[in-house]
Number of protein chains: 2
Amino acid sequence: MNEELINQFVETWGTMGSAWGVNNSVARVHGLLIITDRPWCIDEIVERLQISKSNVSTSLKELRSWNVIRKVFLPGDRREFYACEPDAWEMLFNIMRQRKQRELDPILASISLTCEQAKKAPSGIAVDRLAQMKQMLDVFDNLARLALKSEAQVKALVSLLPNRK
Amino acid sequence: MNEELINQFVETWGTMGSAWGVNNSVARVHGLLIITDRPWCIDEIVERLQISKSNVSTSLKELRSWNVIRKVFLPGDRREFYACEPDAWEMLFNIMRQRKQRELDPILASISLTCEQAKKAPSGIAVDRLAQMKQMLDVFDNLARLALKSEAQVKALVSLLPNRK
DNA sequence: CTGTATGTTCAGAACATACAGAACATACAG
DNA sequence: CTGTATGTTCTGTATGTTCTGAACATACAG
């Protein structure tokens with residue numbers, strides 16, 4: 001078992017999480033499940049990552065809410081194990097779905113409202129600037145919708161992209 | 001002057017910032033510059049947003065580092081004014097450029113390294129899972145490269161997207 | 001039932017971040 | 001020069017987040 005490489009990946013994944021607003025512990029647990037590709041139970045994770053059981057429990061709950069891990073029951077074992085979503089793109093889509101819903105949709109609603117009001121208002125504010133922002137967010141919204149509606153096609157499409165030398 | 005609508009937008013932009021890992025004050029200042037579309041000096045921002053001068057100064061510095069605002073000198077006024085990048089897409093590209101450089105590139109480098117080592121190693125880790133992750137990050141890298149290399153085309157392309165009803 | 005294994009929630013400690021105000025730096029007017 | 005206007009950096013405090021260990025809940029074996 002190549003402990004050191006696992007650590008490397010887990011810490012990288014943790015760092016990446018931090019950069020994107022995901023708690024470090026949560027991301028490390030996720031990283032562990034990704035890189036080892038086998039089910040882990042809480043106490044094994046506690047032991048492996050040297051963090052408290054409550055922290056692991058909370059992190060797993062968080063990961064479940066993003067639909068990127070699932071419970072696995074091993075026959076003859078009372079403990080609950082967790083394994084990560086096996087398809088990386090599927091994982092990404094699940095995260096996108098959640099983030100769009102939690103973060104993009106409310107913002108878009110709010111900006112649209114402001115935009116509407118601004119058109120009627122006596123003004124003094126940059127109406128077309130505001131419209132530009134709304135338009136940009138709309139584009140994201142549409143891209144996300146398209147991608148999430150046609151997951152298979154997106155997967156196929158990205159595989160056509162030129163590889164960097 | 002429509003104070004209330006400005007507040008609405010500024011707070012929304014601040015909230016959005018928080019969701020994407022940008023400090024709330026930084027995002028609010030940015031929002032103010034976006035929505036009013038005219039140059040502001042520090043003390044005006046202090047007065048308008050009711051935050052300290054040091055906070056505004058730091059926030060402006062941060063925004064400058066993302067290349068989304070620029071200094072403006074008004075004739076006959078010693079103060080430094082700031083206005084935001086006038087083109088929303090250009091603003092987005094500038095942010096993408098910075099985030100890619102600061103966050104994606106280092107992660108990609110680290111994962112690539114781990115991936116190489118894993119191929120040679122005695123294993124026990126999920127090599128193909130790791131490769132899948134690397135491949136996904138590569139796709140992002142390529143997409144970002146393409147977009148940033150052909151900004152005009154991207155702007156043209158997104159305008160073709162279907163609008164939501 | 002009862003005791004043990006397992007998992008979750010809670011409360012406070014440790015840590016990190018954000019912010020205001022003070023101190024400092026700079027540059028210009030007179 | 002000197003004093004004032006303007007901006008930046010520093011420092012301590014307040015606020016918020018994360019993490020641990022303990023308390024609590026649940027479920028199963030015997």
Side-chain angles (χ1 to χ4, degrees), chain A residues 10-11 13-33 38-66 69-84 102-103, chain B residues 10-11 13-33 38-66 69-84 102-103:
Chain A
V10 167
E11 298 315 319
W13 206 251
T15 304
M16 186 167 81
S18 299
W20 294 94
V22 178
N23 174 289
N24 190 254
S25 298
V26 174
R28 287 177 75 225
V29 171
H30 190 207
L32 182 64
L33 298 191
R38 62 120 167 148
W40 289 71
C41 73
I42 289 194
D43 283 328
E44 289 173 340
I45 300 174
V46 166
E47 178 62 25
R48 184 64 179 79
L49 298 185
Q50 293 289 302
I51 55 183
S52 73
K53 198 165 75 144
S54 55
N55 197 358
V56 173
S57 175
T58 311
S59 296
L60 290 172
K61 187 178 176 182
E62 175 83 6
L63 289 170
R64 258 177 288 150
S65 85
W66 290 94
I69 63 171
R70 60 200 158 68
K71 249 182 226 192
V72 174
F73 290 100
L74 300 188
D77 200 322
R78 271 178 57 192
R79 295 172 296 177
E80 294 167 356
F81 288 78
Y82 288 90
C84 75
R102 296 181 196 185
E103 286 147 18
Chain B
V10 167
E11 298 316 319
W13 206 251
T15 304
M16 184 167 82
S18 298
W20 292 94
V22 178
N23 174 290
N24 188 253
S25 298
V26 174
R28 288 177 75 225
V29 171
H30 189 208
L32 183 64
L33 299 191
R38 63 123 168 142
W40 289 71
C41 74
I42 288 193
D43 283 326
E44 290 172 339
I45 300 173
V46 166
E47 178 62 25
R48 184 63 178 79
L49 298 185
Q50 293 289 302
I51 55 183
S52 74
K53 200 164 74 144
S54 57
N55 197 358
V56 173
S57 176
T58 312
S59 295
L60 289 171
K61 188 178 174 182
E62 175 83 6
L63 289 171
R64 258 177 287 149
S65 85
W66 291 94
I69 62 171
R70 61 199 157 68
K71 247 180 228 191
V72 176
F73 289 100
L74 301 187
D77 199 322
R78 271 178 59 191
R79 293 172 298 178
E80 294 166 358
F81 288 76
Y82 289 90
C84 76
R102 296 181 196 184
E103 287 148 17

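Predicted model, so just to flag it, every value in this text is computed and none were measured. Keep in mind that the numbers below use all heavy atoms, side chains included, and drop hydrogens, waters and symmetry copies. Just so it is clear: chains get the letters A, B, ... in the order the sequence lines come, proteins before strands, and each one is counted from 1.
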Can you measure B:Ile45 atom CD1 to C:dC19 atom C1' for me and round it to whole angstrom units? 16 Å

Taking the six-membered ring of A:Trp40 as reference, does the NZ or CZ atom of A:Arg79 fall below 6.0 Å from its centre and within a 45° cone about the axis? no

If you check every side-chain atom of A:Arg78, which of C:dT6, D:dT6, D:dT20 has the closest atom? C:dT6

Donor/acceptor link under 3.5 angstrom from A:Ser57 side chain onto base of C:dG7: no

Who pairs with D:dG21 - Watson-Crick or G-U, where each distance is under 3.5 Å: C:dC10

Does the structure show a Watson-Crick or G-U wobble partner for D:dT9, both distances under 3.5 Å? Name it, or say none. C:dA22

To the nearest angstrom, the CH2-P distance between A:Trp40 and C:dG7 comes to 15 Å

Looking for any heavy atom pair under 4.0 Å, which part of the strands does A:Arg28 touch: base, sugar-phosphate only, or nothing? nothing

Nearest-Å distance, CD (B:Glu44) to C1' (D:dA5)? 15 Å

Applying the 3.5 Å cut-off to both distances, the Watson-Crick or G-U partner of C:dG30 turns out to be D:dC1

Counting heavy atoms from C-beta on, name the nucleotide in C:dC19, C:dT9, D:dT18 closest to the side chain of A:Lys61. C:dT9

Whole-Å distance, A:Tyr82 OH to C:dT8 P, equals 5 Å

Could you check whether B:Asn23 gets within reach of a base, just the sugar-phosphate, or nothing at all, counting any heavy atom under 4.0 Å? sugar-phosphate

Strictly by modelled atom types, are B:Ser59 and B:Arg64 linked by a side-chain donor-acceptor pair under 3.5 Å? no

Contact class for A:Asn55 (heavy atom, under 4.0 Å): base, sugar-phosphate, or nothing? base

With a 3.5 Å cut-off and heavy atoms only, can you find an N or O donor on one side and an acceptor on the other between the side chain of B:Ser54 and the base of C:dG21? yes

Nearest heavy-atom neighbours spanning B:Gly31 and B:Val10: C-CG2, 4.1 Å

Specify the separation, in whole Å, of atom CD1 of B:Ile42 and atom P of D:dG7. 5 Å

Closest nucleotide among C:dT8, D:dC19, D:dG7 to the B:Arg79 side chain: D:dG7

Check: A:Lys53 side chain, C:dG7 base, donor-acceptor under 3.5 Å: yes

Taken to the nearest whole Å, CG/B:Leu63 to P/D:dT8 is 13 Å

Working for side chain to side chain contact (heavy atoms under 4.5 Å, CB included), residues A:Trp20 and B:Glu103: CA-CA 9 Å; A:Trp20 294 94; B:Glu103 287 148 17; 4.1 Å; yes

When rounded to whole Å, the CG to P distance for the pair A:Asn24 and C:dT17 reads 11 Å

Presence of B:Ser25 side-chain N/O under 4.0 Å of C:dC19 phosphate oxygens OP1/OP2: yes

Counting side-chain heavy atoms from CB outward, which of C:dA20, D:dT8, C:dA18 is closest to B:Ser52? C:dA20

Interatomic distance where CD belongs to B:Glu80 and P belongs to D:dA5 [whole Å]: 17 Å

NZ/NE/NH1/NH2 to OD/OE distance under 4.0 Å, B:Glu44 and B:Arg38: yes

For A:Ile42 and A:Lys53, work out which heavy atoms get closest and say how close. CG2-CG, 3.4 Å

